[in-house]
Amino acid sequence: MKRKVLCTFSLLAYLLLFCTIFSPMAQREMTVLATVKQLDGSVYHNNTLSIYTYCWGQREGLFHIVEGTGWNSGSRIAEIDPLYYTVQRNYGEYISLHPGTKYTIVLSATKAPQTGDPVQIVETTQSPGEKLILYTPNGATATQPLQNNFTILQQGEKGMLMDSIRLEMPFFEHQIQQSLAKRFDAEGMRLYSYTEVESFLRQLPMVALLTGLLLVGLLLWAGTCGLTKKQYPPALLWINFSLTGLTLLPILLLSKTIDLPASLMPQNSFLDIGHYVGEFRNIFAAMDSAGDESLFLLCRQMLLTATAIILAFAVFCGLLLFLENKWRKRYAAKI
Amino acid sequence: MSKRSPFVVFISAFLCAVCIVPFVYVLVSGMIRSGHWTLQSYYEVFLGKTEFLLRFWKSLGLSMAIAAVQVVISAFAGYGFAKFRFPGKNVLFFLLMILMILPLQVTLMPNYLLFQNMHLLGTQLSLALPAFFAPLGTFIMTQSFQATADSVIEAAQLDGCNSVSVLLRVLLPNSSNALICTALLSFADAWNMVEQPLTFLKDFQDYPLSVALASVSPAEPTVLMACCVLVALPPLFLFLFFNRELGSGIAAGGEK
Amino acid sequence: MKLQTKKAWTAFLLILPLLIGCLVFYGAPFVLVIWFSVVRGNGAATQFVGLGNYAKLMENPVFLLAAKNTLGFLAVGLALILLLSYAIALLLRSPAQRSSLLQSVVILPYVMPVIGTVILVDVLFAETGLWSKLYNLLGLPAQSWLQGSSAFWIIVLLYLWKNTGYSVLILLSGLLTIPKDHYDAAELDGANRWQKLRYITAPQMWYSVFFAGVFSLINAFKCFREIFLIGGEAPDESIYMLQHFINNSFKKLSYGKTAAASLLLTFLLCGLFALCYRFVLRKEAYKR
């Protein structure tokens, strides 16, 4: 009974430590990056803003940043009551807020804002020579000529690759989409930043490393549990136990270095694999259609690296178990 | 081998169910969110947000510190009460037992004034200091040490042990059950503290996990359930692991 | 003689940490309580009123309600818990009847954190809770169980569920110290189960029963946590306890009432405890 309780709860302890290391990373990645406009409450200023994030899919809303209390501490997004503003749609999306309002309005955000989301205010930087991936599942017909800073590099049925002289980074999909929507008639258009997708793919091996370390840790835990039986030398138990604990250190280091781009993050849960799969399906369909293979090749390369890492871990574990088995036989023969 | 009568089996099963079902309920209801099965609440508590886990480790540290210090103080005091005679011993011991029975409120209120003057309000010390000197541990240790025969101690003293080594080498190994029991009960008390943080601490950020959940409920009720599982883990582990020792340790306080 | 003094000094040194701590954090506050109970007013206007605060307290209907509720809860709760845990301990005693699962599991409700028990009470006994649903199934109207006299019984039930395991462990341990040959001898004499219980088990269990009672009393006072979290500072009438009274008086800064109530409670417990302790010592005197 004691052994079973100890084994179960040591697993829980290991998982709790892992979660304590993992959750800051998850929370950091899920933080919405936003540009803001600070209204200082002056009654004389013109409170008309051009809001890019105003129409978010089917939902409309105006959001601002508040200091959270209780469990939601830190900067959080909150919705502004529609009573406090009016919409003017004559020359694009313009919002008029009542004079005297003092808000830190969210202008653009890396994903659809929801009340309670943690948020980080960023300043945009103009980045030259960025490439854009357009995914147009229903084809695209040009309605107006493109602006000067956009040039189409490659085009296909379902997607195109565009070059931009300067693009504001971090990538705010909706902001670009609104300006491109005037030039193209494309239903269901999705936009992705080439650089950010590339950065995401390049970090896949690190993600695989993290997963591999977790799996190794779990396997070592299982081994440690088996070693608590009397027939094993206690030194082996302690080696195994410390190895299990040691897997947490690289996980800690990795969690600090992994920095996935915010535009590709899911809405609610960091581990929403379905979202990632869906986004990459769009991206690869667009690139395939436009005739550019670079991302696909990169992805294949990274996946191979990731698989190699996991295989290396598997080999390591196998070796460890083999050695421990040999030791056990030698120890049992001695007794 | 006499068979168990079906009546007894039924009663035992019923009692087991009454004890276990609430835990299972809390575990399962954390997985149902607005009508359908989802692990989103558990994700939020364990993987998505850091607040719950950080507060968990902080409370764990506090409770373990309280348990450790209380065990040490109780061991020394228990030795003094059990094996020595000094004037006023019975009166002091009686007072200690009364102190043990008193509800917390009686001393909580004047402690607030005391801490106000010592400028300790709002610190974790205000929670820890009274708990260090709780009399329950001393009581259990005294009862347990009294059960050890004097002859063993005298033999050790003849071998040249002074008081502290008598304590460490003779009494403690024999009373390991009581020691574990003291540690467990003081940990459980510290882990479930409610009144002291609400009285002595002002800022929500300082509250230990047990009170923080009670005073400000997380947005979703299922998240609260998942947190409840988190809060139940340490005492559950300790009480399951030390089940046997607990039985004889508590009872050491109940027999002579 | 010298050895005695030396031993006495060693003893003092050993209990010194506890003594200092208790004096600072329990003794000094207690003296403060005594002081507050015999004065009235704040700051410069304090005047010594002797037992005036106590007299006023006795006429205070809120205090009397709290005292009635607390004493009622203690009486009912302690009686029920001792009976229940005695029964369960008897059940667990014989190896043939014992369920090892039950033995390990009986302490589990004690482990449930406070927030968990509050949630459970809410789930079961809120107006839309499971108990109401049961009532609806039987065609009876649901009421708000946490208001009104049913709240008292809910708290008693909560107390029983949470703390029976603790007493069971104490009583079980006491039962197991009774030598088996007493029972064998009695069986040879033709005693049935009730007679064995009455003449062999019960007389040897006084000490265990006393301590089960003491610890159950401690746990009963700790039940205030759940009552506070369920009902807040001003719960329903039937579960307004002395601790609520002390708490609220302190918040309103009427230290006199707070102190007087605290002291009354202390003296009551002192007296009760001393009486029971002497009773038990007499019953167990034959052992020494």
Side-chain angles (χ1 to χ4, degrees), chain B residues 1-2 4 8 11-12 15-16 18-20 22-23 26 73 76-77 79-81 84-87 97-103 105-107 109-111 113-114 129-130 132-133 135 138 163 192 194-195 210 213-214 224-225 228 231-232 235-236 239 243 246-248 250-251 253-256, chain C residues 7-8 10-12 14-15 17-18 21-22 25-26 28-30 32-33 88 91 96-97 99 101-102 104-109 111-116 118-120 161 166 169-170 173-174 177 207-208 211-212 214 217-218 221 224-225 228-229 243 246-247 250 258 262 265-266 269-270 273:
Chain B
M1 230 320 239
S2 52
R4 286 194 276 170
V8 171
I11 296 280
S12 305
L15 290 173
C16 281
V18 164
C19 292
I20 302 183
F23 284 91
V26 170
I73 295 184
F76 280 112
Y79 183 34
F81 275 116
F84 291 84
R85 270 180 304 181
F86 52 90
M97 289 181 89
I98 297 293
L99 190 59
M100 199 169 67
I101 310 180
L102 276 186
Q105 263 60 29
V106 172
T107 48
M109 301 302 147
N111 264 338
L113 296 171
L114 184 74
L129 284 173
F132 284 160
F133 303 104
T138 312
S163 303
N192 279 320
V194 167
E195 296 108 325
S210 50
L213 286 175
L224 187 61
M225 293 292 192
C228 199
V231 177
L236 195 64
F239 276 74
N243 206 321
L246 192 68
S248 27
I250 292 185
E255 61 184 56
K256 205 143 195 192
Chain C
K7 286 188 89 180
T10 327
F12 260 124
L14 284 172
I15 64 173
L18 181 73
C22 279
F25 297 107
Y26 298 107
F30 204 74
L32 211 64
V33 166
I88 299 180
L91 189 73
Q97 312 273 39
S99 155
L101 178 66
L102 182 59
S104 324
V105 148
V106 80
I107 194 71
L108 273 190
V111 165
M112 176 73 101
V114 172
I115 187 74
V118 168
I119 295 177
L120 285 173
W161 177 76
Y166 203 99
L169 286 181
I170 299 180
S173 182
T177 56
Y207 220 75
S208 301
F211 278 106
V214 165
L217 181 67
I218 300 178
F221 283 130
F224 170 72
R225 287 181 199 154
F228 184 73
L229 289 179
Q243 289 121 312
I246 298 179
N247 215 351
F250 186 76
T258 313
S262 306
L265 184 60
T266 313
L269 285 174
C270 244
F273 183 77

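Only this structure's heavy atoms are used, side chains among them; waters, hydrogens and symmetry mates stay out. Quick note on labels: first sequence line is chain A, next is B, and so on, each numbered from 1.
Residues that satisfy the ring-ring contact (aromatic ring centres under 6.0 Å, His included) test with Phe84(B), not counting sequence neighbours, are Tyr79(B).
Closest non-hydrogen pair, Trp161(C) versus Pro22(B), comes out as CZ2-CG, 3.5 Å. Taking all atoms of both residues into account, the shortest heavy-atom contact from Cys22(C) to Leu99(B) is SG-CD2, 4.1 Å.
Taking the centre of each ring, Phe12(C) and Phe86(B) come in below the 6.0 Å mark.
Side-chain contact check for Pro113(C) versus Asn192(B): some heavy-atom pair is nearer than 4.5 Å. Two residues are said to be in side-chain contact when any heavy atoms from C-beta on lie closer than 4.5 Å; Leu18(C) and Phe76(B) fail this criterion.
Proximity to chain C (any heavy atom under 4.5 Å) is restricted, for Ile98(B), to the side chain, taken from C-beta onward. Only the side chain of Val26(B) comes within contact range of chain C, with heavy atoms under 4.5 Å apart. Residue contact with chain C, scored on non-hydrogen atoms closer than 4.5 Å, involves the backbone and the side chain of Phe23(B) alike.
For the atom pair Ile101(B) CD1 and Phe221(C) CZ, the distance stands at 8.5 Å (nearest 0.5 Å). Atoms CE and CG, on Met100(B) and Leu269(C) in that order, are 11.5 Å from each other to the nearest 0.5 Å. Rounded to the nearest 0.5 Å, atoms CD1 (Ile20(B)) and CG (Leu101(C)) are 5.0 Å apart.
Here the side chain of Asn243(B) pairs a donor or acceptor atom with the backbone of Ser104(C) at under 3.5 angstrom.
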